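Below, chains carry the letters A, B, ... as their sequence lines are ordered, and counting in each starts from 1. From a predicted model like this one, the values you see are computed outputs, not experimental measurements.
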Number of protein chains: 2
Amino acid sequence: MNSTGKLSIQKETAASGIKDTGDRHRAADDVFRYFAARINSGDLKDGEALPPEREIAETCHVSRTVVREAVLALSNKGLIEARPGFRPVVRKANYDTAFETLDSVVSRLLLQDGGVKNLFDTRIMVEASLARQAASSAQKDDLLTLRNALDANQDAIDDSEKFYETDTAFHAALYSIPGNPVFPAIHKAYTAWLSPQWSMMPRLPERNRLNYYAHKAIFDAILMRNQDAAEQALRIHLAAAWTQIEKTFADQM
Amino acid sequence: MNSTGKLSIQKETAASGIKDTGDRHRAADDVFRYFAARINSGDLKDGEALPPEREIAETCHVSRTVVREAVLALSNKGLIEARPGFRPVVRKANYDTAFETLDSVVSRLLLQDGGVKNLFDTRIMVEASLARQAASSAQKDDLLTLRNALDANQDAIDDSEKFYETDTAFHAALYSIPGNPVFPAIHKAYTAWLSPQWSMMPRLPERNRLNYYAHKAIFDAILMRNQDAAEQALRIHLAAAWTQIEKTFADQM
DNA sequence: TGTTTAATTTGGTCTGACCAAAACAGATTA
DNA sequence: TAATCTGTTTTGGTCAGACCAAATTAAACA
């Protein structure tokens, strides 16, 4: 029975005919697709655990080896969460974790020439856009959130550690205004990827104060519903930040 | 000698002490990190093939099983390219392929409520920003590229197949203006992820013509260096596209 | 020298085994 | 009865050795 097992799966996959175009057939891929489909279709719900590897192997008529490969692929692609030693659990599709799967590639991209600048420039563009949008359509509670973040920022001028947090929080508030969950995820990714540069920069109360003023200028422009001013204030703010980064890492870039 | 192999690696990893904080130790992770580091450091150059699995297993004092897991992880994260049956090859860090690693997660995200809209909204924001930037600082050759794309677009109005291509090309031209390689990659990702919706929409010469006029309006505004007009023209264009998408997929969203 | 053929390498898969941690069930105790 | 401890079973992580088919290389041949 076992000896015919392998053949049967090959027959099955051939019958399903998803990819019959002559290219190499890997059993692991089939298992991967099988579970990816079951997850996407909702057959396997969020938080639900996958069957044990041995069971999968039996039902799919493959060895545990290929099951492990498939599970690993599922995990690497963020479809499941496989903490070592635990049963893999279906993970709800989540914007935050989506960006996390980029970590290793991005860290490589940041290493190559101009990598950091390329990324930072996209950030400038995104935030400039967010600033405009905030100025044009921020709701009352959005403004309140911003104001609170700004105040917390001001209070932390003399505590560089705390200032960094409130700084991040202020920008985060900006990203949350559109109400689109993609943006907070983008912000999280930016802070994670650029934190190496940021955290190595000298932190001084004077500099904190300047940054606070920059934030205030952005906020004021948003409050005045002045899109152009908001964008400009933000660009000045981030341009200054970039100058700092450049100065700090002059040798490495 | 082999019997002591396993112990030696454990000793080694313990000695290196990268992660000694009590959490589970997976040999596969060690091998993964080892090669990720070698790739990032340039020790293994782009296009260079990894050693054969059996050799890695020997030099790292682990079984081929864990080598395979590590290689698979490397592949899934986009650090190497592992075509079935071939030696894995170090892949140059590349913005395009970075986004490709997101495919499976994104396809899941698009399935959930409002997923497509969330993504499309980010696209609107990005392109609005690009339009502004184009209007403010497009160079002569940028304008020429846009103009050519626009003309090709016009010529293809009666050929819906070709129109789709030239349409994409026009937007691509917009993404290439900043000269930041991240943007073309983003564009590629957008078209890949949203193509299912787009390709199922009815294509008619009248509609093509409307889209062409929309493109022309964007181009004209850019040519006039009118940022606000460029942004507005683009927003109108994409809003109309979204309306179409919504109409086509009314039942599924 | 170019082409065909045989030998070898190498990735993909299988089987069966072992270990340690996790999950489970049962006994023990408060 | 509820909480805690304990021993058994399950399960993931790893290993070893084997086989196959495709890919690579070496050899033989034309």
* Asked: If you look at every strand shown and take non-hydrogen atoms under 4.0 Å, does A:A82 touch a base, only sugar-phosphate, or nothing?
  -> nothing
* Between D:dT14 (P) and B:H61 (NE2): distance, integer Å -> 16 Å
* Asked: How close or far is atom C1' of C:dG11 from atom CD of B:E55, stated in whole angstroms?
  -> 14 Å
* Whole angstrom value for the distance that separates C1' of D:dT9 from CD of A:E53 -> 17 Å
* Ring geometry between A:H187 and A:H171 (parallel below 30°, tilted from 30 to 60°, perpendicular above 60°) -> parallel
* To do: Provide, to the nearest angstrom, the distance between the CZ atom belonging to A:R54 and the P atom belonging to C:dA23.
  => 15 Å
* Take atom CZ of A:R83 and atom P of D:dG12, then tell me their distance rounded to the nearest Å. => 13 Å
* Determine yes or no for a side-chain-to-main-chain donor-acceptor pair under 3.5 angstrom, with A:T145 supplying the side chain and A:D141 the backbone. => yes
* Asked: Would you call A:R108 and B:D46 a salt bridge, taking side-chain N to carboxylate O under 4.0 Å as the test?
  -> yes
* Asked: How close or far is atom C1' of C:dT10 from atom CZ of B:F86, stated in whole angstroms?
  -> 12 Å
* Above 12 or not: heavy atoms from other molecules or residues under 6.0 Å from CZ of A:R83? -> no
* Side chain of B:V62 - closest among D:dC15, D:dG13, C:dT10 -> D:dC15
* To do: Could you say whether A:A28 or A:R87 is positioned toward the 5' end of DNA chain C, judged by the nucleotide with the nearest heavy atom to each?
  => A:A28
* Length of the line joining B:D30:CG and D:dG13:C1', which is rounded to integer Å -> 13 Å
* Establish, yes or no, whether the cationic atom of B:R203 lies under 6.0 Å from the six-membered ring centre of B:F163 and within 45° of the ring axis. => no
* Can you tell me the distance, in whole Å, between the CD atom of B:E58 and the P atom of D:dA16? => 11 Å
* Can you check whether A:L119 reaches A:Y190 side chain to side chain, under 4.5 Å on heavy atoms? -> yes
* Tell me, do B:T65 and A:T65 make a side-chain contact under 4.5 Å, heavy atoms counted? -> no
* **Contact residues, residues 63-72 of chain A to DNA chain D [heavy atom, < 4.0 Å]** => A:R64, A:R68
